[in-house]
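Worksheet: the structure to be examined is printed underneath.
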Number of protein chains: 2
Amino acid sequence: MTARTPTDAVRDIPEATVARLPVYLRALTALADQGITTCSSEDLATAAGVNSAKLRKDLSYLGSYGTRGVGYDVDYLRYQIAREIGVTQDWPVVIVGIGNLGHALANFSGFRSRGFRVVALLDADPALHEQQVAGIVVRPFDDLEQIVRENDVAIGVISVPAFAAQDVADRMVAAGISSILNFAPTVLSVPPGVDVRKVDLSIELQILAYHEQRKAHGEPV
Amino acid sequence: MTARTPTDAVRDIPEATVARLPVYLRALTALADQGITTCSSEDLATAAGVNSAKLRKDLSYLGSYGTRGVGYDVDYLRYQIAREIGVTQDWPVVIVGIGNLGHALANFSGFRSRGFRVVALLDADPALHEQQVAGIVVRPFDDLEQIVRENDVAIGVISVPAFAAQDVADRMVAAGISSILNFAPTVLSVPPGVDVRKVDLSIELQILAYHEQRKAHGEPV
DNA sequence: TGCGTTTTGTTCTCACGTTCACAAACTCCT
DNA sequence: AGGAGTTTGTGAACGTGAGAACAAAACGCA
């Protein structure tokens, strides 16, 4: 991931910072909703649940958008972060696998409000086709290629059972999708250049269980 | 309870390792299902999607459960990891907020099979009470304290809208819950000693969007 | 038994991430 | 205008994590 144009100084933002930018974005939106127009790094850090030094360092990777002695303009900073993340326009998204979880995802209002637009719901089960979920008609999985082509879809969401996930991922990649959010509890293998992020409920619970066990077993509070 | 015996030298396992142990556990289960009884660190690392040096280092924090020149006994290692995580018995879990996502969580079979048992579904909306979801009757949120007490619940799942999440968390903590898995898109503040992990769909998508934008903008593949 | 092969467990080094601490830069007040 | 008070942006120190590399330990075979 090197070799850029000389003019485009491509600050490469650390991955840990990238993962926090959406949190800052949401915190800024919350502040704006409260009518707050200016905030200090301390205020924003509190709202985002991080420490203020980290926040300032994170923001410094984007540029110098604050004013010393004053703080940050909420709307301006919000726009700058949104631009950096790339959510100033909507990204088209397809969801494959309309089971319980797929239903929930399709109905999730946060997509629309945060820069994403569900352009299609796909499922291999013919019993679901023509049904409406969240106001969108479920279509056959085989329509994937066409939908990706017509809507220029780059991001796919997988909410199928584990055994089917790799096949779906392969088809997505072949169709031109290059970012995948995977809810299936399995390791996906994809070619280089394709990003996969996974969300795994039982892993999160197991991590909690580990710490819980330690609490119970270790010192008595 | 008791302090640890001097021999039990309280290995504190790095957080990064803890987060991977469940992945290894699942990979081992997959291998066992294929009838494989022994595997090398290379095999397991491939199945888990990590590099073998990292895997061996992770396992070394637990103890020395492999055999040089041979590899790991799948069942034995699986048991050791399960024991370390604390999922050799079931953890009782309550889910609060039975909307679309709560439905999906209640029906998620991975809970049961990975060391967790949903003991109650709670919702503040009376319209849902007495309804069955995934074979469990939805009960009023006010039953929380009683349920936690009677079932010795330590882990709670929050799948309510963002505006209600902090209240639910406060009530959970007051009831004695000390680990929370939060699906609401908001920062929870909890007293020290309480663990919170969050799962946030739009944040994951925004991280993908950031990288996607870079791909499109940077080199032409 | 002893040698060669395999594979683990661990050490060492480097990269990444977090936090501290402070100079620079801005506002406000006299 | 100048000094006091704020708050940002960043350099430097520290801690954690990742990967390469290798010694130690097991096995198999002559």
Side-chain angles (χ1 to χ4, degrees), chain A residues 1-2 9-24 27-28 31 36-78 80-81 84 187 192 207 210-211, chain B residues 9-24 27-28 31 36-78 80-81 84 207 210-211:
Chain A
M1 312 242 174
T2 47
V10 170
R11 319 161 282 268
D12 60 310
I13 301 179
E15 196 52 39
T17 296
V18 171
R20 282 187 294 266
L21 290 179
V23 180
Y24 302 153
L28 284 165
L31 291 177
I36 297 171
T37 59
T38 297
C39 69
S40 68
S41 62
E42 199 69 52
D43 298 336
L44 183 52
T46 303
V50 302
N51 113 4
S52 68
K54 182 147 64 179
L55 172 75
R56 287 200 301 278
K57 177 144 273 197
D58 283 341
L59 294 184
S60 76
Y61 292 115
L62 312 192
S64 201
Y65 297 132
T67 306
R68 295 173 192 222
V70 178
Y72 301 93
D73 181 277
V74 171
D75 279 335
Y76 180 60
L77 183 57
R78 186 160 58 138
Q80 292 299 340
I81 294 179
E84 190 70 39
V187 176
I207 294 170
Y210 170 82
H211 293 295
Chain B
V10 172
R11 319 159 281 268
D12 61 308
I13 301 179
E15 198 51 39
T17 296
V18 171
R20 282 187 295 266
L21 290 179
V23 180
Y24 302 154
L28 284 165
L31 292 177
I36 296 169
T37 59
T38 297
C39 69
S40 68
S41 62
E42 199 68 52
D43 298 336
L44 183 52
T46 303
V50 301
N51 116 1
S52 68
K54 182 149 61 180
L55 171 75
R56 287 200 301 277
K57 185 174 242 187
D58 284 341
L59 294 185
S60 76
Y61 291 115
L62 312 191
S64 201
Y65 297 132
T67 308
R68 296 174 191 223
V70 178
Y72 301 93
D73 181 277
V74 171
D75 279 336
Y76 180 60
L77 182 59
R78 186 161 58 137
Q80 293 299 340
I81 293 178
E84 189 71 39
I207 295 171
Y210 170 81
H211 292 295

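Every chain is numbered from 1, with letters handed out A, B, ... down the list of sequences. The model shown is predicted, which means the values in this text are computed figures rather than measured ones.
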Check the interface with nucleotides 23-28 of chain C: list each N/O to N/O pair with the protein under 3.5 Å, or write none.
from	atom 1	to	atom 2	distance (Å)
C:dA24	N3	A:Arg68	NH1	2.9
C:dC26	O4'	A:Arg68	O	3.4

May I ask you to test the B:Asp75-B:Leu28 pair for a side-chain heavy-atom distance under 4.5 Å?
no
To the nearest angstrom, how far is B:Lys54 atom NZ from D:dA20 atom P?
11 Å
Could you grab the distance from atom OH of B:Tyr210 to atom CD of A:Glu15, nearest 0.5 Å is fine?
8.0 Å
How many angstroms lie between atom NZ of A:Lys54 and atom CG of A:Leu59, to the nearest 0.5 angstrom?
13.0 Å
Decide whether A:Asp73 and A:Thr38 meet the rule of one side-chain donor and one side-chain acceptor closer than 3.5 Å.
no
If one requires at least 3 consecutive Watson-Crick or G-U pairs with distances under 3.5 Å, the stems of DNA chain C turn out to be C:1-30 with D:1-30
Checking side-chain polar atoms at under 3.5 Å, does A:Asp43 have a donor or acceptor matched by the opposite partner on A:Ser40?
yes
Distance check needed: C:dT18 P versus A:Arg56 CZ, whole Å only.
15 Å
From C:dT18, C:dT10, C:dG17, nucleotide with atom closest to A:Glu15 side chain:
C:dG17
Nucleotide C:dC16, atom C1' - distance to NZ of A:Lys57 in whole Å:
12 Å
Spacing between A:Leu62 atom CG and D:dG9 atom P, to the nearest angstrom
10 Å
It should be established whether B:Tyr72 places a side-chain nitrogen or oxygen under 4.0 Å from OP1 or OP2 of nucleotide C:dG9.
yes
Phosphate OP1/OP2 of C:dT18: any A:Arg20 side-chain N/O under 4.0 Å:
yes
Ring center gap for B:Tyr72 and B:Tyr65 short of 6.0 angstrom:
no
Going by number, which of residues 36-51 of chain B have a non-hydrogen atom under 4.0 Å from DNA chain C?
B:Ser40, B:Ser41
To the nearest Å, how far apart are B:Asp73 CG and C:dT7 P?
16 Å
B:Glu84 and B:Ile13: CA distance, side-chain angles, deciding distance, side-chain contact (heavy atoms from CB on, under 4.5 Å) verdict
CA-CA 10 Å; B:Glu84 189 71 39; B:Ile13 301 179; 3.4 Å; yes
Between B:Thr37 and B:Val74, is the side-chain contact (heavy atoms from CB on, under 4.5 Å) condition met? List the steps.
CA-CA 5 Å; B:Thr37 59; B:Val74 171; 5.5 Å; no
Applying side-chain contact (heavy atoms from CB on, under 4.5 Å), run through B:Arg20 and B:Leu55 and close with a yes or a no.
CA-CA 9 Å; B:Arg20 282 187 295 266; B:Leu55 171 75; over 6 Å; no
With rounding to the nearest 0.5 Å, note down the distance linking CG in A:Leu44 to OH in A:Tyr24.
7.5 Å
OG (B:Ser41) and CG (B:Asn51) are apart, to the nearest 0.5 Å, by 9.5 Å
Find which nucleotide of DNA chain C each of A:Ala53 and A:Ala16 is nearest to by heavy atoms, and output the residue with the more 5' nucleotide.
A:Ala16
Return the value, rounded to whole Å, for the distance between atom OH of B:Tyr65 and atom C1' of D:dA25.
18 Å
For the CD1 atom of A:Ile81 and the CG atom of A:Leu21, what is their distance to the nearest 0.5 Å?
6.0 Å
Nucleotide D:dT8, atom C1' - distance to CD of A:Gln80 in whole Å
16 Å
Between atom OH in B:Tyr61 and atom P in C:dT8, what is the gap in whole Å?
17 Å
